[in-house]
Participant: 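Shown below is the structure under consideration.
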Protein chains: 2
Amino acid sequence: MTGPDPDDLTARARIRDAALLHFGEHGFERATIRGIAETAGVSSGLVRHHFGSKQALREACDAHLVKLISRLNDQVRADPAPADVNYVAAARAAIGPYQRYLARALAEGGAAPLFDAMVRMSEPWLADADKSRDHTPDVDRTTRAAVTTAMALSVTVLHQHLSRVTGVEMFSPEGDLLLARALIDIYSHPMLSLEEAASIRAALDKVQSASPQADRESTPPRIKEHRDD
Amino acid sequence: MTGPDPDDLTARARIRDAALLHFGEHGFERATIRGIAETAGVSSGLVRHHFGSKQALREACDAHLVKLISRLNDQVRADPAPADVNYVAAARAAIGPYQRYLARALAEGGAAPLFDAMVRMSEPWLADADKSRDHTPDVDRTTRAAVTTAMALSVTVLHQHLSRVTGVEMFSPEGDLLLARALIDIYSHPMLSLEEAASIRAALDKVQSASPQADRESTPPRIKEHRDD
DNA sequence: AAGGATGCTACACGCGTGTGTAGTCACCGT
DNA sequence: ACGGTGACTACACACGCGTGTAGCATCCTT
């Protein structure tokens with residue numbers, strides 16, 4: 001369940017795992033090398049010995065996660081029965097205790113190769129979906145894949161809020177199930193009809209051609225000020 | 001464009017704005033009171049004088065943003081022509097320079113009242129959409145609203161990645177436009193057909209009734225280990 | 001068996017930081 | 001005119017932190 005191993009691993013691996021945990025729990029800045037060392041059951045100096053610096057430790061964490069995820073990706077890719085939405089659930093489950101780290105890393109702009117890999121991973125799937133479309137989409141596939149990926153990851157990144165609002169811890173079997181159902185529902189019911197979409201798109205075109213790049217627009221209401229400064 | 005004011009505001013307001021900026025740019029921990037004070041053009045002591053502590057300053061920033069957003073919400077709500085997706089664009093535009101702060105705050109679990117407000121804000125819209133559905137959804141509306149909100153916010157939170165992948169800065173007019181088009185496309189084309197959705201749902205039900213709560217499940221493949229620890 | 005690399009610890013330094021304290025200046029009510 | 005309240009500054013303290021250094025034990029190599 002915990003994955004690979006009891007608690008006897010290489011000290012280096014134990015430190016890395018502890019770092020993943022601490023970084024995820026307290027954030028990079030707030031996490032301390034001493035705290036990580038304590039969790040790993042080693043001295044603080046050993047952390048430096050193995051990783052050189054705190055920043056390097058962070059990068060090692062990123063690298064480890066990337067390796068783990070791409071391994072999972074390959075495995076799913078080789079699977080004969082691609083279970084659509086279960087991609088997400090499976091990924092989240094495999095990441096296991098590292099979800100909080102992943103969330104933070106992504107939110108802070110880190111784990112870029114990981115995000116990129118996920119985008120690449122979702123593109124072929126999107127390509128399949130495109131085949132059954134009437135008109136060709138007016139946004140390139142990569143952009144749509146990126147946005148789609150971001151949306152899929154939002155659940156991980158904003159899990160605290162989802163847990164609070166729904167009253168169900170998202171990083172739990174129960175949460176996984178609720179989430180899966182919600183996603184299936186959302187993914188199978190478009191928020192916009194094709195007519196609405198076309199109408200909005202037309203409005204967008206008009207606005208754009210009116211002021212090609214001049215001032216902001218497409219942002220209808222200017223927020224009104226309130227005297228409290 | 002910059003919003004309300006030149007650079008002569010109450011010092012308190014200037015400090016708050018500077019804090020919003022610094023927190024957004026460097027993160028809460030990494031941002032320093034001295035740096036904020038310098039940007040605001042005041043002494044570091046004055047920051048403490050007005051806000052008491054760094055944490056309190058952060059809370060003041062949150063409160064300010066909540067007020068700003070709810071003001072915007074009221075305004076959009078009173079608008080006769082609700083422009084669907086433009087909700088997002090309008091909100092993002094109004095938040096203006098604070099988007100980075102917002103992204104960080106949300107990712108770290110803060111700004112809870114703000115997220116909640118957004119969920120409440122999206123529920124009636126979802127209610128409308130539900131009217132034209134054949135079967136009643138098997139997930140309660142609040143949960144779906146929360147997930148939908150999270151997805152909408154993912155663009156803000158993960159803007160760095162989107163900018164990198166697409167090559168277009170997301171917090172720019174150009175990015176707004178690209179994003180709007182992508183969202184329209186995504187929102188108007190379901191990723192799952194109703195049949196696929198039903199099929200996955202059925203699979204989910206089976207799995208769940210097989211092991212009501214026992215072990216994990218719904219997470220098909222266990223990730224295979226690799227010797228490098 | 002010598003010798004060197006490696007895993008690991010203990011301890012100390014220095015810097016940046018939030019915070020606390022004292023003091024100055026200006027405005028305002030009475 | 002005069003106390004007093006609030007905006008604002010300068011300076012110092014203490015602490016936690018990342019980092020550096022020196023040293024010890026263990027194991028592998030030849």
Side-chain angles (χ1 to χ4, degrees), chain A residues 4-64 100-101 104-105 108 110 227-229, chain B residues 4-64 101 104-105 108-110 227-229:
Chain A
D5 4 72
D7 61 342
D8 66 352
L9 277 160
T10 305
R12 191 174 196 281
R14 270 195 338 248
I15 292 173
R16 194 217 323 111
D17 283 357
L20 252 347
L21 210 83
H22 273 70
F23 287 157
E25 202 70 32
H26 311 110
F28 178 72
E29 308 289 345
R30 212 171 159 184
T32 75
I33 291 191
R34 286 170 175 86
I36 293 170
E38 189 181 4
T39 298
V42 300
S43 78
S44 68
L46 188 60
V47 177
R48 171 175 168 79
H49 174 66
H50 277 302
F51 297 93
S53 76
K54 195 183 183 185
Q55 179 58 33
L57 174 56
R58 179 212 188 90
E59 283 159 15
C61 287
D62 277 0
H64 181 250
R100 291 185 154 80
Y101 176 86
R104 274 186 205 270
E108 292 183 6
R227 263 264 144 276
D228 69 345
D229 289 331
Chain B
D5 5 71
D7 61 343
D8 64 353
L9 277 160
T10 305
R12 191 174 196 282
R14 271 199 333 252
I15 294 173
R16 194 215 326 108
D17 283 357
L20 252 347
L21 209 82
H22 272 71
F23 288 157
E25 201 69 32
H26 311 110
F28 178 72
E29 309 288 344
R30 212 170 158 184
T32 76
I33 291 191
R34 286 171 175 86
I36 293 170
E38 189 180 5
T39 297
V42 299
S43 78
S44 69
L46 189 60
V47 177
R48 169 174 169 79
H49 173 65
H50 277 301
F51 296 93
S53 76
K54 195 183 182 184
Q55 179 58 33
L57 174 56
R58 179 212 188 91
E59 283 160 15
C61 287
D62 277 1
H64 179 68
Y101 176 86
R104 273 185 205 273
E108 292 183 6
R227 264 260 145 276
D228 68 345
D229 290 330

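Note that these values count all heavy atoms, side chains included, but never hydrogens, waters or copies made by symmetry. Residue numbers begin at 1 in each chain, while the letters A, B, ... track the order of the sequences.
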Participant: Are B:Glu38 and B:Arg34 close enough that some pair of their side-chain heavy atoms sits under 4.5 Å apart?
Facilitator: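 Heavy-atom side-chain distance check fails, nothing below 4.5 Å.
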
Participant: Whether the side chain of A:Lys54 engages the backbone of A:Thr32 through a donor-acceptor N/O pair (distance < 3.5 Å, no angle test) should be reported.
Facilitator: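 No; judged by distance alone, with no hydrogens or angles, the pair does not exist.
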
Participant: How is A:Ala31 classified with respect to the nucleic acid when contacts are heavy atoms under 4.0 Å: base, sugar-phosphate, or nothing?
Facilitator: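 Sugar-phosphate contact only - A:Ala31 comes under 4.0 Å of backbone atoms but never of a base.
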
Participant: Where the side chain of B:Arg104 meets the backbone of B:Gly24, is there a donor-acceptor pair that is under 3.5 Å apart?
Facilitator: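 At least one qualifying donor-acceptor pair exists.
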
Participant: Please list, pair by pair, any protein nitrogen or oxygen found under 3.5 Å from a nitrogen or oxygen in nucleotides 3-11 of chain D.
Facilitator:
unit_1: D:dA7; atom_1: OP2; unit_2: B:His49; atom_2: NE2; d: 3.2
unit_1: D:dC8; atom_1: OP2; unit_2: B:His50; atom_2: NE2; d: 3.2
unit_1: D:dT9; atom_1: OP2; unit_2: B:Ser43; atom_2: N; d: 2.7
unit_1: D:dT9; atom_1: OP2; unit_2: B:Ser43; atom_2: OG; d: 2.8

Participant: Please confirm whether the backbone N or O of B:Ala13 pairs with a side-chain atom of B:Thr10, one donor and one acceptor, at under 3.5 Å?
Facilitator: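 Checking the backbone N and O of B:Ala13 against the side chain of B:Thr10, no donor-acceptor pair under 3.5 Å is found.
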
Participant: Is A:Arg14 reaching over with its side chain to a backbone N or O of A:Ala40, donor-acceptor style, under 3.5 angstrom?
Facilitator: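 Looks like yes, one N/O pair under 3.5 Å.
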
Participant: Between B:His50 (side chain only) and B:Leu46 (backbone N and O only), is there a donor and an acceptor less than 3.5 Å apart?
Facilitator: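 Flag not set: sc B:His50 to bb B:Leu46 has no pair under 3.5 Å.
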
Participant: Taking for each residue the nucleotide of DNA chain D bearing the nearest heavy atom, is the 5' side occupied by A:Thr32 or by A:Arg48?
Facilitator: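 Its nearest nucleotide lies further toward 5', so the answer is A:Thr32.
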
Participant: Would a distance-only check, ignoring hydrogens and angles, find a side-chain to backbone donor-acceptor pair under 3.5 Å from A:His22 to A:Ala18?
Facilitator: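 Yes; at least one donor-acceptor contact below 3.5 Å.
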
Participant: Reading DNA chain C from 5' to 3', where do the contacts with chain A start and stop? Cut-off is 4.0 Å to heavy atoms.
Facilitator: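 The footprint of chain A covers C:dG7 to C:dA12.
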
Participant: List in chain and number order the residues that pass salt bridge (Lys or Arg N to Asp or Glu O under 4.0 Å) with A:Glu108, two or more places apart in sequence or in another chain; answer none if no residue qualifies.
Facilitator: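 Partners of A:Glu108 under the salt bridge (Lys or Arg N to Asp or Glu O under 4.0 Å) test: A:Arg58.
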
